[in-house]
Enquirer: 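A single structure is presented below for examination.
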Amino acid sequence: MLMDSANRRARAWYALAVCGTLALSACASKYAQVAPRLDLHPYGRVALVTFAADNESRAMSALATQRFAEALLASQPGVEILELTSSDSVLKALPAGSDPVVLAQALGQAKDIPAVFVGELKVSGVKPRARLGVSDLNLRASVSAELRVRLLSTRAGGTLWRSSSTASGTVGRVALAGGLPSVAIRDTDEAYGEVVRSLVADVTADLRPTWVKQ
């Protein structure tokens, strides 16, 4: 009896597994993966220069560059990234504020790479915003940033790809409703981190493959 019951359960689980596999196969057959708009595999190896920013935003720029590299490697495994900071000997030899085309060509000659990512991060300071109603008051402090990234050919310096994005985050809020105050303070680093995640997710969209229904 126990053996028969076990066999019946085994057959039931097997039938369920087969049905599940067939169902998944049927679903999978309706979708096809589309290669990313920017496929870096033909290049094999590219450079990434830390995104430019003013002195106050360099830490945020370094974080954005790191997140960009992580997103690229996750989206297109097998592509090698040469990450370059301002301490690199080639970059140090160039005058401050050098044209990105000159930078790209110098790196191509020195590093033997076909293309390089360059970018710029612009961050606004904390800006207060107010909304006044008949019986309530809402004050909010927010930060915003814009990220622009280009892929340049190191041979001719031409632009192979470009993308940009803007994002904002709230660092604090004060509200008054019905005579009762409400205060919410958020860690500034956390707010900046959220802005960076949003910027990088938007900018790297072309690096990710997509799925289309057939």
Side-chain angles (χ1 to χ4, degrees), residues 36-38 40 46-76 81 83-88 91 94 96-101 103-104 115-152 159-177 180-210:
R37 292 184 60 189
L38 178 61
L40 297 172
V46 296
L48 171 62
V49 177
T50 300
F51 299 145
D54 57 34
N55 290 333
E56 295 180 353
S57 305
R58 285 187 176 178
M60 189 173 175
S61 176
L63 177 61
T65 308
Q66 178 184 336
R67 294 287 185 265
F68 183 91
E70 292 171 352
L72 191 160
L73 292 172
S75 300
Q76 301 195 22
I81 302 178
E83 300 179 60
L84 304 173
T85 65
S86 58
S87 62
D88 180 81
L91 299 181
L94 296 173
S98 292
D99 188 285
V101 173
L103 180 149
V116 55
F117 283 102
V118 296
E120 182 180 13
L121 178 70
K122 293 184 178 181
V123 183
S124 71
V126 177
K127 295 182 178 180
R129 296 181 180 179
R131 181 174 60 83
L132 180 62
V134 177
S135 60
D136 64 343
L137 173 65
N138 193 309
L139 298 175
R140 187 179 65 174
S142 62
V143 294
S144 60
E146 179 183 18
L147 178 62
R148 298 178 179 179
V149 183
R150 288 191 292 166
L151 180 65
L152 302 178
T159 300
L160 301 170
W161 170 86
R162 68 165 61 235
S163 183
S164 63
S165 177
T166 58
S168 60
T170 301
V171 296
R173 181 177 62 83
V174 177
L176 182 64
L180 298 176
S182 173
V183 180
I185 304 297
R186 188 181 183 190
D187 182 71
T188 305
D189 290 340
E190 180 183 351
Y192 280 130
E194 181 181 274
V195 170
V196 166
R197 285 192 295 272
S198 179
L199 289 172
V200 172
D202 287 345
V203 167
T204 58
D206 286 349
L207 298 173
R208 297 188 292 272
T210 56

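Below, each value reflects all heavy atoms present in this structure, side chains not excepted, and no hydrogens, waters or symmetry copies.
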Enquirer: Evaluate the side-chain contact (heavy atoms from CB on, under 4.5 Å) criterion for residues V46 and V116: first the C-alpha distance (whole Å), next the side-chain angles of each, then the deciding distance (0.1 Å), finally the verdict.
Expert: CA-CA 6 Å; V46 296; V116 55; over 6 Å; no
Enquirer: Set out, in order, the CA-CA distance, both residues' side-chain angles and the distance that settles side-chain contact (heavy atoms from CB on, under 4.5 Å) for L94 and L103, then state yes or no.
Expert: CA-CA 7 Å; L94 296 173; L103 180 149; 4.0 Å; yes
Enquirer: What's the separation between atom OG in S163 and atom CG in L151, rounded to the nearest 0.5 Å?
Expert: 11.5 Å
Enquirer: How would you list, by chain and number, every residue that makes a ring-ring contact (aromatic ring centres under 6.0 Å, His included) with F68, sequence neighbours excluded?
Expert: F51, F117
Enquirer: Grab the two heavy atoms, one from A115 and one from L160, that are nearest each other, plus how far apart they are.
Expert: CB-CD1, 4.1 Å
Enquirer: Have T65 and T50 got a donor and an acceptor in their side chains that come within less than 3.5 Å?
Expert: no
Enquirer: Are E146 and R148 within salt-bridge range, i.e. N to O under 4.0 Å?
Expert: yes
Enquirer: For S75 and P209, work out which heavy atoms get closest and say how close.
Expert: O-CD, 4.1 Å
Enquirer: Is there a donor-acceptor contact under 3.5 Å from the side chain of S61 to the main chain of S57?
Expert: no
Enquirer: Kindly compute the distance separating CZ (R67) from CG (L72), expressed to the nearest 0.5 Å.
Expert: 14.5 Å
Enquirer: Please find the pair of heavy atoms, one from V101 and one from D99, that lie closest to each other, and give the distance.
Expert: N-OD1, 2.7 Å
Enquirer: Roughly how far, to the nearest 0.5 Å, is the CG atom of L199 from the CE atom of M60?
Expert: 6.0 Å
Enquirer: Has the side chain of Q76 got a donor or acceptor atom that lies under 3.5 Å from a matching backbone atom of L38?
Expert: yes
Enquirer: Rounded to the nearest 0.5 Å, what separation is found between the OG1 atom of T85 and the CG atom of L91?
Expert: 7.5 Å
Enquirer: Taking all atoms of both residues into account, what is the closest heavy-atom pair of S168 and V195, and its distance?
Expert: C-CG2, 3.7 Å
Enquirer: Listed by chain and number, what are the side chain to side chain donor-acceptor pair (under 3.5 Å) partners of T204, not counting sequence neighbours?
Expert: R208
Enquirer: Looking at every heavy atom in both S164 and V203, which two are closest together, and how far apart are they?
Expert: C-CG2, 4.1 Å
Enquirer: Indicate the atoms forming the closest heavy-atom contact of L152 with P100, along with that distance.
Expert: CD1-O, 3.6 Å
